[in-house]
Amino acid sequence: ISEDVDGVVFFLGTWIEAPVAIAALREVEHLPIALWGFPMFKKNSRLDSTGSLVALFVLQGTLRRMGIPFKSIMGTTDDKKAISQVISFSRASCVKKALKRTRLGLVGYASMGMYPGTFDHALLRKIIGPEVIHLDNYLLINKRKIQIFRIKNMILIHPIRFIPERLIPLPDVFTLIEFDNKTMSFV
């Protein structure tokens, strides 16, 4: 895939042999994957099938055995529940990618050795995604010549830019803003 996609919805319109489908899915296994199949349907007052349901079950079993995570969606293309699940999956995929690219500023750290109040940077990065950049209180105050009592009047924010067709904003840089509207930027 040459584009920067967030996830893949693999629509199973008919039967497909597992080796063929897996060859395609292996190319995108680093992305969130949804398998979308549909059950038998009525056509001219009789039940009909394209083999989509069986293909879905075969691929589910194969991906489970391979340890590749996926979401299953069952329903026709006009099924409101299935469409809602595709939209939810798409949004979650977008959020997952955005979190992987997010940088969060952390001012200060464990006060008075309170280890239960800390977190594992590597585990946060692996499971949720954001990179945490540590900003030492003293260095921050000293570098910007900010009086200690003024810290209570500040908030840490970041400007956001929207990428077309993204569902959520992505951060560029972190900015420390005082309530009196004087701005200092940190990359």
Side-chain donor-acceptor pairs of residues 17-24 under 3.5 Å, sequence neighbours excluded:
none

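At distances below 3.5 Å, at least one donor-acceptor pair connects side-chain atoms of Trp36 with backbone N or O atoms of Gly75. In this structure, Thr76 contributes its side chain and Phe38 its backbone to no donor-acceptor pair below 3.5 Å. Checked by atom type and distance alone, the side chain of Ser93 never pairs as donor or acceptor with a backbone atom of Pro32 at under 3.5 Å.
One hydrophobic cluster, built from ILVMFWY side chains closer than 4.5 Å, holds both Met66 and Leu35. With hydrophobic clusters built from ILVMFWY side chains whose heavy atoms lie under 4.5 angstrom apart, Ile68 shares a cluster with Leu59. Under the 4.5 Å side-chain contact rule for hydrophobic residues, Leu63 and Phe57 share a cluster. Phe70 and Val86 are members of different hydrophobic clusters when ILVMFWY side chains are connected at heavy-atom separations under 4.5 Å. A single hydrophobic cluster is not seen to contain both Phe41 and Leu47; linkage of ILVMFWY side chains at heavy-atom distances under 4.5 Å, directly or through other members, places them apart.
Annotation: the span from Ile83 atom CD1 to Asp79 atom CG amounts to 7.0 Å, rounded to 0.5 Å.
Salt bridge status for Asp4 with Lys97: present, with a side-chain N to carboxylate O gap under 4.0 Å.
For Ser72, the side chain to side chain donor-acceptor pair (under 3.5 Å) criterion is met by Gln60, not counting sequence neighbours. Scanning for side-chain contact (heavy atoms from CB on, under 4.5 Å) contacts around Lys80 gives an empty result, with sequence neighbours left out. For Asn44, there are no side chain to side chain donor-acceptor pair (under 3.5 Å) partners two or more places apart in sequence or in a different chain. The side-chain contact (heavy atoms from CB on, under 4.5 Å) search around Ala34 returns Val9, Lys71, Ile73, Phe89, not counting sequence neighbours.
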Practice task
Report the C-alpha distance between Lys100 and Ile128 in whole Å, list the side-chain angles of each, state the deciding distance to 0.1 Å, and finish with yes or no for side-chain contact (heavy atoms from CB on, under 4.5 Å).
Solution key: CA-CA 7 Å; Lys100 282 184 179 180; Ile128 300 175; over 6 Å; no
Problem - side-chain contact (heavy atoms from CB on, under 4.5 Å) assessment of Val28 paired with Phe10 - result: CA-CA 11 Å; Val28 294; Phe10 201 74; over 6 Å; no
Problem - Worked verdict on Glu131 versus Leu104 for side-chain contact (heavy atoms from CB on, under 4.5 Å) - result: CA-CA 6 Å; Glu131 179 66 43; Leu104 301 175; over 6 Å; no
Problem - From CA spacing to verdict: side-chain contact (heavy atoms from CB on, under 4.5 Å), Asp6, Leu31 - result: CA-CA 7 Å; Asp6 299 326; Leu31 296 169; over 6 Å; no
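Applying the salt bridge (charged side-chain N to carboxylate O under 4.0 Å, His left out) test to residues at least two apart or on different chains, the pairs with a partner in residues 29-49 are Arg26-Glu29.
Put simply, the side chain of Val95 reaches to within 4.5 Å of the side chain of Leu99, judged on heavy atoms.
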